[in-house]
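Worksheet: one structure, shown below.
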Amino acid sequence: MQQMPGKRIVLTSDSTMMSSYHGGVMLGFAAIMPRAMLPDWIFQKLFCPPVPAFEDGSAAYAPCGMRKVEASLLDAGFSREEVIVAHPDHLDRAIGPETEIVGITHDDPMGKIAFREIEEIIGRGPPFNRSKFLELVRHPLIRRHRPKIVVGGNGAWEVMGEDVGVDHIYLGEGESDFPEICRKIIRKEAVPNVIRGTAVPGERIPTNRGATIGGIVEIGRGCWRGCAFCSPAMRTMRHRPLKNILEDVRVNLAAGQRDIILHSEDFFSYGSGGMNSNEEKVLKLVSAVKQLGPKTMDVSHLSLAAIHHNQGLLRKISRIVGVGSDQNHMSAWIGIETGSCRILDMHMPRKALPGKTGNWPEIVRDCYRLFEEESWLPVASLVLGLPGEGREDVIQTTELVESLMNYTGLILPLFFTTIADTKLGGTRGFSKQDALPEHWQLVGLCLDYNLRHLKKLHRLYSERMTASPLEHAALTGINLMAEVFLNKYMKRMKRGEPPN
Ligand code: SF4
């Protein structure tokens, strides 16, 4: 076979990141499943089917962060001949003797986000995402040509201290410093092992040159609420100009994406300085995107406090998007994190603003009532085991979840993990040994909640899915099997016993 010279800078990721997820990005969660649970081909077929590839080995869709890095390299003067967003199944067309840098974007390369919960509940070894990431790093073409491997993206911190053959870990934003880092690597100058990219203003976040997975379009970055365990908290909040956002929407629609997800840490803060939403700008953004004609529109993250403060804004967004008429629901990620006002005060003192910390459970409940009325689907996170959390705090969180049981959604209880560069960066993470019976009861309750709503979620989500009828039927079957399989763990944990 003819040896390809290779592109100078290859941007890529493993198959758990470079997937269409059948149009349902939530299927990507399956990548935290132990690899021993399913044969690779079934996993890939059902949960992480590859994105389409072009003739030259480039990927038709890529993670939004990778598209931003690609755009910043092109804007900085690298040519199209030098840079490729490569499909992981076609690296033979991208990596060759002339390749100097392989930049890998990843959200969870070592599977650390939910690994301990999964390991302790199911106990079947490493997850798909870690296995696939390590396979990519050890790809024969990378071994043969020895380009420098740079890992970036939200999960890059997971690689710190891990001896997995990565040359550089890039933390923070890529647009600012990555092009110069590439130049230094190419000139064989010294580059530190850990690089910290600085933040760029909203207007300097570049427009994408290709479509993104899930039709994700970034509208802004950063969050002013400053929760102690959260890395976006370390970033200054800024937003992109409307015309740049619309350009990214157009690029996606032109490439065949039908669904658009507007991404930021808090959609309601678009165009504002923080606490008080700029209603006019938010509605203008929603209307302008809607006019471009996506089949569905969702937002990635919302602050419960902001919704609570301006419930009319959520209703207006619903009307413009056509929730209940043009699309059956609208989904959003939210952070409940805890039901304990004491823990909120300790680690998230701005979380409820402009509301009061002491009203947090009521704020959450009011928002869930509104979501249900407006057919919004919340995917919520809880953080278990934050420093200082005691029995009473966990019970308060459990009581909060109990009060939400009839509202449709998903609730993900995550063990507190220390992330470098956060205010709690130096503390120890939470593990099975630290868990109280009340923690297991809470995890069991969340599992109960999720299993209860899974069928409805599957039905609602199908309007975004591109899976074939056969794949759809298989996914329904897997849902049922998961229900049976997880039921025994759920019952045990609800009694306050560890799952294993
Ligand atoms: S509100 Fe959410 S995004 Fe903002 S700092 Fe807290 S956890 Fe992070």
Side-chain angles (χ1 to χ4, degrees), residues 17 19-21 23-29 31 61-68 105-108 113 153-155 173 202 205 208 211-225 227 230-233 235 237-240 242 244-246 248-249 251-253 257-272 277 281-282 285-286 288-290 294-307 313-314 317-318 320-321 323 327 329-337 367 371 374-381 409-412 414 457 460-461 464:
M17 289 285 295
S19 169
S20 67
Y21 310 113
V25 283
M26 274 202 272
L27 274 189
F29 276 128
Y61 308 134
C64 187
M66 195 184 296
R67 286 294 183 204
K68 292 289 172 227
T105 301
H106 217 295
D107 289 337
D108 193 14
I113 296 294
N154 291 333
E173 298 183 15
I205 298 173
N208 292 344
T212 58
I213 289 166
I216 289 179
V217 170
E218 197 174 19
I219 65 162
R221 288 181 190 167
C223 177
W224 60 275
R225 293 187 188 266
C227 302
C230 175
S231 61
R235 307 181 197 157
M237 191 176 78
R238 59 245 117 98
H239 298 110
R240 302 178 69 205
L242 181 61
N244 295 2
I245 296 171
L246 296 180
D248 279 359
V249 175
V251 168
N252 272 292
L253 296 177
Q257 288 292 38
R258 306 169 312 164
D259 306 312
I260 296 295
I261 301 175
L262 298 174
H263 173 68
S264 63
E265 304 309 333
D266 174 22
F267 187 68
F268 271 32
S269 72
Y270 178 72
S272 77
S277 301
K281 284 201 173 168
V282 172
L285 167 63
V286 175
V289 174
K290 176 74 181 173
K295 182 174 175 234
T296 66
M297 197 194 305
D298 292 294
V299 297
S300 70
H301 293 82
L302 276 177
S303 149
L304 288 169
I307 298 167
L313 180 55
L314 188 133
I317 293 170
S318 288
I320 296 170
V321 170
V323 180
Q327 62 187 70
H329 75 281
M330 197 157 171
S331 66
W333 285 83
I334 53 161
I336 297 177
E337 325 305 10
C367 289
F371 290 146
E374 292 294 317
S375 300
W376 282 53
L377 194 68
V379 181
S381 57
L410 278 179
I411 299 182
L412 310 174
L414 300 170
L457 290 174
L460 286 175
Y461 227 64
R464 290 156 176 76

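Keep in mind that what you see is a predicted model, and the values were worked out from it rather than measured.
Ring orientation note: the planes of W376 and F371 are close to parallel, at an angle under 30° on the 30°/60° scale.
Between G214 and V25 the shortest heavy-atom distance is CA-CG1, 3.8 Å.
With sequence neighbours excluded, no residue forms a side-chain hydrogen bond (donor to acceptor under 3.5 Å, both in side chains) with D266. With sequence neighbours excluded, no residue forms a side-chain hydrogen bond (donor to acceptor under 3.5 Å, both in side chains) with S272. For S375, the side-chain contact (heavy atoms from CB on, under 4.5 Å) partners at least two apart in sequence or on another chain are V323. For E173, the salt bridge (charged side-chain N to carboxylate O under 4.0 Å, His left out) partners two or more places apart in sequence, or in a different chain, are R221, R238. By the salt bridge (charged side-chain N to carboxylate O under 4.0 Å, His left out) test, K281 is found to be paired with no residue, residues two or more places apart in sequence or in another chain being considered. In terms of the side-chain contact (heavy atoms from CB on, under 4.5 Å) criterion, residue partners of S19 (sequence neighbours excluded) are, by chain and number, Y21, C48, P49.
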### Task
Run the numbers on F29 and W333 for ring pair (Phe, Tyr, Trp, His ring centres under 6.0 Å), then give the verdict.
CA-CA 14 Å; F29 276 128; W333 285 83; 5.4 Å; yes

### Task
Go through N244 and I205 one step at a time and tell me if the side chain to side chain contact (heavy atoms under 4.5 Å, CB included) criterion holds.
CA-CA 9 Å; N244 295 2; I205 298 173; over 6 Å; no

### Message
As a quick check of understanding, evaluate side chain to side chain contact (heavy atoms under 4.5 Å, CB included) for D298 and F267, giving each step before the final call.
### Response
CA-CA 10 Å; D298 292 294; F267 187 68; over 6 Å; no

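How far OG of S264 is from CG of L302: 8.0 Å, rounded to the nearest 0.5 Å.
For R258 and T296, the side-chain atoms include no donor-acceptor pair closer than 3.5 Å.
Evaluated for a side chain to side chain donor-acceptor pair (under 3.5 Å) with S300, the options H263, E265, E218 yield exactly one hit, H263.
Between D248 and R240 there is a salt bridge, with a side-chain nitrogen of the basic residue lying less than 4.0 Å from a carboxylate oxygen of the acidic one.
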